[in-house]
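Data first, discussion second: the structure below is written as structure tokens.
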Amino acid sequence: LIWPLITSSFSCTIFSDIFGMISAVVSTYMMSAKCQRFLYTQMLAELSETDLLTGLRNRNSYEQRLRAFSALQKEALSCIYVDANGLHELNDTKGHEAGDEMLRFVGSTLQSQFGKENTFRIGGDEFVVLLAGEQEQTVLEKNKRSRCILTERSYYISVGYSQGEPSQIGLPALIKQAEKQMYEEKHEFYRTAGIDRRKRV
């Protein structure tokens, strides 16, 4: 009578241990799969908001930031609109690799001054910086440093700047003002350099 009880107890213990091990393996697998799905989702979200060439925030992320900024009615917002001068000409004379290097350097310079979360590449050679609550003098000094760093590498940018409260000027008007200034400076750059951009094919 004792031996069957011992055998039965031993079998139950083994079964319990095996079941526990299987449960642990399944639980670990489920947690691992859940973590992988989370990381994959995060990676996709990051890729959807990142410019692959420069590593900056892309236009999709820029438009999301605009929606967030629209709610900031009583905080001073700054917009810096930047164009990399001479990209087309650089691509024509030295190849697209040289043009890509220029864009990466312009992007990294703006990022170093204004932060990755605030700096966006929204087009081929166009960048925008959006800042909330920054003192105008601070923004202008950072912009000046950016120009100096780029000039040392013989890269030149056209810049437009505007600052105001969305409740007073409206965010679209704020950005349009900075964009208009940028294009005026860009036109002057090419006029001074004697480059007729209308000849571009």
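Note: hydrogens, waters and symmetry copies are ignored here, and every other heavy atom, side chains too, is used. Computed from a predicted model, the values in this text were never measured in an experiment.
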Less than 4.0 Å between a side-chain N and a carboxylate O, is that true for [Y] and [X]?
{"X": "Glu63", "Y": "Arg59", "value": "yes"}
{"X": "Arg153", "Y": "Glu101", "value": "yes"}
{"X": "Glu188", "Y": "Arg191", "value": "yes"}

Tell me the closest heavy-atom pair linking [X] and [Y], and the distance in Å.
{"X": "Ala132", "Y": "Leu77", "answer": "CB-CD2, 3.6 Å"}
{"X": "Asp125", "Y": "Leu103", "answer": "CA-CD2, 4.0 Å"}
{"X": "Asn118", "Y": "Arg65", "answer": "OD1-NH1, 3.4 Å"}
{"X": "Phe120", "Y": "Leu56", "answer": "C-CD1, 4.5 Å"}
{"X": "Phe114", "Y": "Ser146", "answer": "CE1-OG, 3.9 Å"}
{"X": "Glu185", "Y": "Ile157", "answer": "OE2-O, 3.5 Å"}

Rounded to the nearest 0.5 Å, how far apart are [atom1] of [X] and [atom2] of [Y]?
{"X": "Arg57", "Y": "Gln111", "atom1": "CZ", "atom2": "CD", "answer": "9.5 Å"}
{"X": "Ser78", "Y": "Tyr161", "atom1": "OG", "atom2": "OH", "answer": "4.0 Å"}
{"X": "Glu97", "Y": "Leu90", "atom1": "CD", "atom2": "CG", "answer": "11.0 Å"}
{"X": "Arg145", "Y": "Leu140", "atom1": "CZ", "atom2": "CG", "answer": "11.0 Å"}
{"X": "Met102", "Y": "Lys94", "atom1": "CE", "atom2": "NZ", "answer": "10.5 Å"}

Report yes if the side chains of [X] and [Y] come closer than 4.5 Å at any heavy-atom pair, otherwise no.
{"X": "Thr50", "Y": "Ser61", "value": "no"}
{"X": "Leu66", "Y": "Leu171", "value": "yes"}
{"X": "Val82", "Y": "Met182", "value": "no"}
{"X": "Glu126", "Y": "Tyr81", "value": "yes"}
{"X": "Phe105", "Y": "Ile149", "value": "yes"}

Working note: Val159 + Ile80, criterion side-chain contact (heavy atoms from CB on, under 4.5 Å); need CA distance, chi angles, decisive distance, verdict. CA-CA 7 Å; Val159 180; Ile80 302 171; 3.6 Å; yes

Donor-acceptor under 3.5 Å ([X] side chain, [Y] main chain):
{"X": "Thr138", "Y": "Glu134", "result": "no"}
{"X": "Thr119", "Y": "Lys116", "result": "no"}
{"X": "Ser162", "Y": "Leu174", "result": "yes"}
{"X": "Asn143", "Y": "Val139", "result": "no"}
{"X": "Tyr190", "Y": "Gly86", "result": "yes"}

Could you walk me through whether Phe189 and Tyr156 pass the side-chain contact (heavy atoms from CB on, under 4.5 Å) check? CA-CA 9 Å; Phe189 172 84; Tyr156 302 94; 3.9 Å; yes

Does the pair Thr54 and Asp51 meet the rule for a side chain to side chain donor-acceptor pair (under 3.5 Å), with working shown? CA-CA 6 Å; Thr54 63; Asp51 175 58; 2.6 Å; yes

Take atom NZ in Lys176; do more than 12 heavy atoms of anything else shown fall under 6.0 Å from it?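 No.
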
Would the number of heavy atoms belonging to other residues, nucleotides or ligands and lying under 6.0 Å from CD of Gln135 be above 12?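 Incorrect, the count does not exceed 12.
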
Please walk me through it: do Leu150 and Val106 pass side-chain contact (heavy atoms from CB on, under 4.5 Å)? CA-CA 7 Å; Leu150 292 167; Val106 171; 3.9 Å; yes

Candidate pair Arg121 and Asn58, rule side-chain contact (heavy atoms from CB on, under 4.5 Å), full reasoning: CA-CA 5 Å; Arg121 182 188 178 206; Asn58 62 13; over 6 Å; no

Does a donor on one side chain sit under 3.5 Å from an acceptor on the other, for Asp100 and His96?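 Not at all, the side chains of Asp100 and His96 share no donor-acceptor pair under 3.5 Å.
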
Walk me through whether Ser158 and Asn85 qualify under side chain to side chain donor-acceptor pair (under 3.5 Å). CA-CA 7 Å; Ser158 294; Asn85 294 332; 2.9 Å; yes

